[in-house]
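Please read the structure below before turning to the comments.
Model, not experiment: these values are computed from the prediction. Here is how names work: the chains are called A, B, and so on, in the same order as the sequence lines, proteins then strands, and each is numbered from 1.
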2 protein chains.
Amino acid sequence: MTELLTQNILNHITLSKKELESFCSLFNQKEVRKKHFLMQEGEICKFEGFVTKGLFRVYHIDSNGFEQVLYFAQENWWITDIDSFTNETPSQLYIQALEDSEVLLISKKDKEFAYNNIPKIEKLFRVMTQKTHIALQRRIIDNLSKTADRRYIDFIEKYPNLFQRLTNLQIAAYLGISHEFLSKIRRKIASKK
Amino acid sequence: MTELLTQNILNHITLSKKELESFCSLFNQKEVRKKHFLMQEGEICKFEGFVTKGLFRVYHIDSNGFEQVLYFAQENWWITDIDSFTNETPSQLYIQALEDSEVLLISKKDKEFAYNNIPKIEKLFRVMTQKTHIALQRRIIDNLSKTADRRYIDFIEKYPNLFQRLTNLQIAAYLGISHEFLSKIRRKIASKK
DNA sequence: TTCATTTATTGAACTTGTTCAATGTTTTGA
DNA sequence: TCAAAACATTGAACAAGTTCAATAAATGAA
């Protein structure tokens, strides 16, 4: 059940079998059915999660009612609202399952316990946060410098697997364009082939 | 010389005087004159820096020759290319002083030394990276959901101090719009008052 | 299977932002 | 202090992306 999780951890740092077991035992499995929410706006995010099955979207609804997707999380991805979780403030995000899904959740208290009792866990999350940080920086530059066509093509190349599993509505909300315009981009690309 | 730095650290975590001194001693001061570069594209970023005086911009030049500003760093801000520094890959960024400036630099080797010998330093950088992570997430959502007028007004409100010190060219490159268009936004705002 | 719901496509009119070129203003360095 | 360079503004033509409304296609639940 925690195979994927242990693999993911060992991909970032080295842990003894004992440390690994101790850390993994802090997680609880949860099933989330398609369209159901792991968290909604206004709640305080009490968990950090690791997806073992299915697919989630993390999104925001702005003052005009438009949805912006911050990221998608499929198997082997971590998921949380780091802002709400860290500062214990009401979240501005929704986390919704786009397929029948399963996550391993760790509570804030248990994560603190891990930080204090398994020193390398501090490093694990520093390294993971750094990686996300790098990805976010790249996305900001891409959003500033690239046209929507280019961002769409890059998305397909970077996440061919997600592309298969997502509707164009979801992809448009990630790229920051209307789904009608995405449709026109798709036509243009198709006609070029 | 390291007063600002110690204050900044104590803002994030608790350290004994000894730990603090030991960590601060790993930094070297460097002056960077206006318009000079702390780092340029293609170099491998060998340092992490803390600005004690002046102002820097961290930016990228895209394939069409346009500049995108990732962030500005004034006094009390940290500065690095975390991607290049972490992965030891050639940087895609420029770091340039916009005023006569001073930074305290720590090398990768000394930072590793600190991680291994002052356990709380691991926590310091985890906490700092988390905060940046949160800020980057907010910026992505803002870039996706807000119009240029709104982003400009928000920028002024959020960084009134930076607004004073920056040219409109720099601000436009941060907002992701042409400086001509920023000029038109400014006229529109001025006429409304 | 079927019918309701969600998703995708299309066109026309519109808004936001860019590009280019010209002109005026401010800063800066010798 | 003064000329050169950098910065800021403006208008006109254009390109990128949105909005709205209509229709078609795919999906899903009973």
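- The cationic group of B:K111 lies under 6.0 Å from the six-membered ring centre of B:F125 and within 45° of the ring axis, placing it in a cation-pi geometry.
- Here the closest non-hydrogen pair linking B:Q29 and B:E102 is NE2-OE1, 2.8 Å.
- Contact of A:K188 with C:dT10 (side chain to base): no donor-acceptor pair of N or O atoms is detected under 3.5 Å.
- Residue B:A148 places its side chain closer to C:dG17 than to any other of C:dT19, C:dG17, D:dT18.
- Between A:F155 and A:Y159, the angle of the ring planes lies from 30° to 60°, which puts this pair in the tilted group.
- Contact check, B:S183 against D:dG11: no side-chain N or O comes under 4.0 Å of OP1 or OP2.
- Rounded to an integer number of Å, the gap from A:L175 CG to D:dA16 P is 16 Å.
- The separation between A:K35 atom NZ and C:dT6 atom P is 6 Å, rounded to whole Å.
- Both A:R151 and B:R186 lie close to DNA chain D; mapped to their nearest nucleotides by heavy-atom distance, the more 5′-ward contact belongs to B:R186.
- In terms of heavy-atom proximity, B:A173 sits nearest to A:L144 at O-CD1, 4.4 Å.
- Side-chain contact annotation: B:N161 with B:Q74, donor-acceptor N/O pair under 3.5 Å present.
- Distances from the side chain of B:I177 to the nucleotides D:dG28, C:dT16, C:dT18 place C:dT18 closest.
- Rounded to whole Å, atom C1' of C:dT28 lies 8 Å from atom NZ of B:K34.
- The interatomic distance linking A:Y152 (OH) with D:dA16 (P) rounds to 18 Å, in whole Å.
- In this structure, B:H179 places its NE2 atom 17 Å from P of C:dG17, rounding to the nearest Å.
- Rounded to whole Å, the distance from CG on B:L98 to C1' on C:dT27 is 15 Å.
- DNA chain C is contacted by no residue of residues 155-174 of chain B, taking any non-hydrogen atom closer than 4.0 Å.
- Only at 4.0 angstrom or more do the heavy atoms of residues 55-74 of chain A sit from any atom of DNA chain C, so none qualifies.
- Here the nucleotide nearest the side chain of A:E180, chosen from C:dT19, D:dA6, D:dA21, is D:dA21.
- Residue A:R187 places at least one side-chain N or O under 4.0 Å from the OP1 or OP2 atom of C:dT10.
- If you check distances only, the side chain of B:K184 does reach the base of C:dT19 with a donor-acceptor pair under 3.5 Å.
- Residue A:L93 comes nearest to A:M39 through the heavy atom pair O-CE, 3.5 Å, listed as atom of the first residue, atom of the second, then distance.
- When only modelled atom types and interatomic distance are considered, B:E122 and B:Y115 share no side-chain donor-acceptor pair under 3.5 Å.
- Checked options B:I118, B:L15, B:I121, B:N117; the residue passing with B:S22 is B:I118 (criterion: side chain to side chain contact (heavy atoms under 4.5 Å, CB included)).
- A cation-pi geometry, defined here as NZ or CZ lying under 6.0 Å from the six-membered ring centre and within 45° of its normal, does not hold between B:K108 and B:F47.
- Atom-to-atom, CD1 of A:I185 to P of C:dT10 comes out at 13 Å; the value is rounded to the nearest Å.
- Remark: C1' of D:dA16 and CG of A:N143 are 15 Å apart, rounded to the nearest angstrom.
- Across all non-hydrogen atoms, the minimal contact from A:A148 to A:I177 is CB-CG2, 3.8 Å.
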